[in-house]
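Have a look at the structure below before the remarks.
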2 protein chains.
Amino acid sequence: MTAEPVPSRRRANTRARLLEAAAEVFADKGLGAATVDDLAGAAGFTRGAFYSNFSTKEDLFFALFEALSARMVDSVRETVESAPDYDLGLIGAVLERLRPQARAWYIVQTEYLLLAMRNPEVGRQFAAHRNKFEGEFADVVMAALTRLGRRPTLPVEQLTEALASLYMKNLAVEALAGDAPRRDGEPGRFIADTLPAVLLGLSEPLA
Amino acid sequence: MTAEPVPSRRRANTRARLLEAAAEVFADKGLGAATVDDLAGAAGFTRGAFYSNFSTKEDLFFALFEALSARMVDSVRETVESAPDYDLGLIGAVLERLRPQARAWYIVQTEYLLLAMRNPEVGRQFAAHRNKFEGEFADVVMAALTRLGRRPTLPVEQLTEALASLYMKNLAVEALAGDAPRRDGEPGRFIADTLPAVLLGLSEPLA
DNA sequence: GGCACTCGATACAGTAACGTATCCGATACA
DNA sequence: TGTATCGGATACGTTACTGTATCGAGTGCC
């Protein structure tokens, strides 16, 4: 391992601002269309600052993905841990908590997936990431189900995958309906109905 | 309506070759990274031919999406109509039939979705497309379910959405596992197990 | 089989983004 | 407070892609 060059406070701050701005830029323009100038400019810098911190825009993109993933997992964990009790309402609480970050996360995650489908190297990274992510998530699902007095009728990993893919789909549907009028905070019909239905339909009472 | 300028045989052929080549190019490079030169070159033409037939690469992209969608729907319909009888095995037959076109279709569809999330105008087109597509598909699901002697325990549209999103997810998983060794023609564990389970879990016997 | 015209090839200029090399101000440290 | 180093800004040359304008061969038609 090469010794890390000790990042200064100033440098860390610049990186953070670049990362934060990148979420918006990538969400709006996409990895392909976003230019280094867009990314630096959105953070209030010039390209000089960018190249001083990242070697390519893909470099920044991957760093952003890491940061967003970490924030998503933390949000879920926090919500679940601070829940007063476990019932189907927990699903709504989690969705509500994820909502503000959902659009950017969905887009970045999806573009990463496309990249992974095109490049075996990226594909391996992506798969590793997702296994870890879904493993943690499967534990949460299993715990919640147990507290509900139920058990899955198929391997919990598959149930989790099903829930996750439904949630992903819902993110897309919600983002698409962005212009359609809807009451603030309402989690959306599809997910509110379907997620619990699937959760119950693919599980059975314990006893 | 302006009168269509009567496309010559030569012209139609050029368009078709451009469309066919575009599927591969867009799947490999993506809409953003693909250049007009890539697209024309892959079809054996120069940019002159491209600009004579399409005004922008987005133009070609949308045309490709239409073509691929039509082929997907046709494939499903043909498979279902020529099925000896309706049982859970039909799912496998449909998947098998879609398989060769699946990767390109998934990528193009996903990039279209991203475009739709970023541009309200495109978003409306996309939504219209999907409503039509999923409407047709819901009919097929309902018919199949009826012949199986079952009925959905939630609105058939939601069940269809669930199945579709699982299938989409599976497409991604399969494409990612492209390098992993697997027997030819095997439809993949996830989808083979999960799809029927969901179909049964979200429906009940008729009587 | 000759003629007109369509359509794809070629050539050109303009533009935008890239990556680097250099400069200068800010910051840390003594 | 002085000085050395770090980090972001600026300027530059290069490359690659775009879109149009023009040319010439292949095609359909009589």
Side-chain angles (χ1 to χ4, degrees), chain A residues 2-64 67 111 114-115 118-119 122, chain B residues 2-64 67 111 114-115 118-119 122:
Chain A
T2 55
E4 294 288 309
V6 186
S8 74
R9 191 173 309 170
R10 190 190 181 194
R11 196 172 188 77
N13 179 46
T14 304
R15 249 187 93 94
R17 279 169 65 194
L18 281 169
L19 273 170
E20 192 178 356
E24 201 178 344
V25 173
F26 282 135
D28 286 351
K29 305 202 171 189
L31 175 60
T35 69
V36 170
D37 203 64
D38 291 332
L39 294 163
F45 295 105
T46 62
R47 299 205 340 270
F50 177 91
Y51 282 113
S52 171
N53 283 278
F54 298 93
S55 53
T56 62
K57 66 180 174 180
E58 284 76 18
D59 190 9
L60 171 55
F61 182 82
F62 292 137
L64 174 64
E111 293 214 318
L114 287 175
L115 237 55
R118 290 171 178 138
N119 181 328
V122 178
Chain B
T2 55
E4 292 289 308
V6 187
S8 74
R9 191 172 309 171
R10 189 190 180 193
R11 195 172 189 78
N13 179 45
T14 304
R15 249 188 94 95
R17 278 170 65 193
L18 281 169
L19 273 169
E20 191 178 358
E24 200 178 345
V25 173
F26 282 134
D28 285 351
K29 305 199 172 191
L31 174 59
T35 70
V36 171
D37 204 63
D38 290 332
L39 293 163
F45 294 105
T46 62
R47 296 200 350 246
F50 177 91
Y51 281 112
S52 171
N53 283 277
F54 299 93
S55 54
T56 63
K57 66 180 175 181
E58 284 77 17
D59 190 10
L60 171 55
F61 181 82
F62 292 136
L64 173 64
E111 293 213 318
L114 288 175
L115 237 54
R118 289 171 180 140
N119 181 329
V122 178

Check your understanding: So what does Arg47(A) hit on the nucleic acid, given a heavy-atom distance under 4.0 Å: a base, only sugar-phosphate, or nothing?
Key -> base
**Study point:** Whole-Å gap separating P (dG19(C)) and CZ (Phe50(A))
**Key:** 8 Å
Practice item. Report which part of the nucleic acid Tyr51(A) touches: base, sugar-phosphate, or nothing (heavy-atom distance under 4.0 Å, all strands). Key: base
Review point. When the distance from CG of Asn13(A) to P of dA26(C) is rounded to whole Å, what number comes out?
Key: 16 Å
Review point. Can we say Arg118(B) and Glu111(A) salt-bridge, meaning some charged N sits less than 4.0 Å from an Asp/Glu carboxylate O?
Key: yes
Exercise for review: Give a yes/no on whether any side-chain N or O of Ser8(B) is located under 4.0 angstrom from OP1 or OP2 of dC7(C).
Suggested key: yes
**Study point:** Candidates Leu39(B), Leu64(B), Thr14(B) - the one meeting side chain to side chain contact (heavy atoms under 4.5 Å, CB included) with Leu19(B)
**Key:** Leu64(B)
Review point. When the nearest nucleotide of DNA chain D is assigned to Gly48(B) and to Val36(B) on a heavy-atom basis, which residue is associated with the more 5' position?
Key: Val36(B)
Point to revise | Between dT20(C) (P) and Asp37(A) (CG): distance, integer Å | key: 16 Å
Exercise for review: May I ask you to say what Thr46(A) touches in the nucleic acid, namely base, sugar-phosphate or nothing, with a heavy-atom cut-off under 4.0 Å?
Suggested key: base
Study note, to complete from the structure: Judged by nearest nucleotide, the residue sitting upstream toward the 5' end of DNA chain D, Arg10(B) or Asp38(B), is Asp38(B)
Check your understanding: Does dA30(C) pair with anything, Watson-Crick or G-U wobble, both distances under 3.5 Å, and if so, with which nucleotide?
Key -> dT1(D)
Exercise for review: For the pair Thr35(A) and Asp38(A), evaluate side-chain hydrogen bond (donor to acceptor under 3.5 Å, both in side chains) and give the outcome as yes or no after the intermediate values.
Suggested key: CA-CA 5 Å; Thr35(A) 69; Asp38(A) 291 332; 3.1 Å; yes
Check your understanding: Starting at CG of Leu18(A) and ending at P of dG7(D), how long is that distance when rounded to a whole Å?
Key -> 13 Å
Review point. Taking CZ from Phe45(B) and P from dT10(C), how many angstroms apart are they, rounded to a whole number?
Key: 13 Å
Review point. Within the structure, does a side-chain N or O atom of Asn53(B) lie under 4.0 Å from either OP1 or OP2 of dG8(C)?
Key: yes
Review point. Arg15(A) CZ to dG8(D) P: how many Å, rounded?
Key: 11 Å
Exercise for review: Taking only the side-chain nitrogens and oxygens of Thr14(B), find out if one of them lies under 4.0 Å from OP1 or OP2 of dG8(C).
Suggested key: yes
Review point. Does the side chain to side chain contact (heavy atoms under 4.5 Å, CB included) test come out yes or no for Asn53(B) and Phe45(B), once each step is laid out?
Key: CA-CA 11 Å; Asn53(B) 283 277; Phe45(B) 294 105; over 6 Å; no
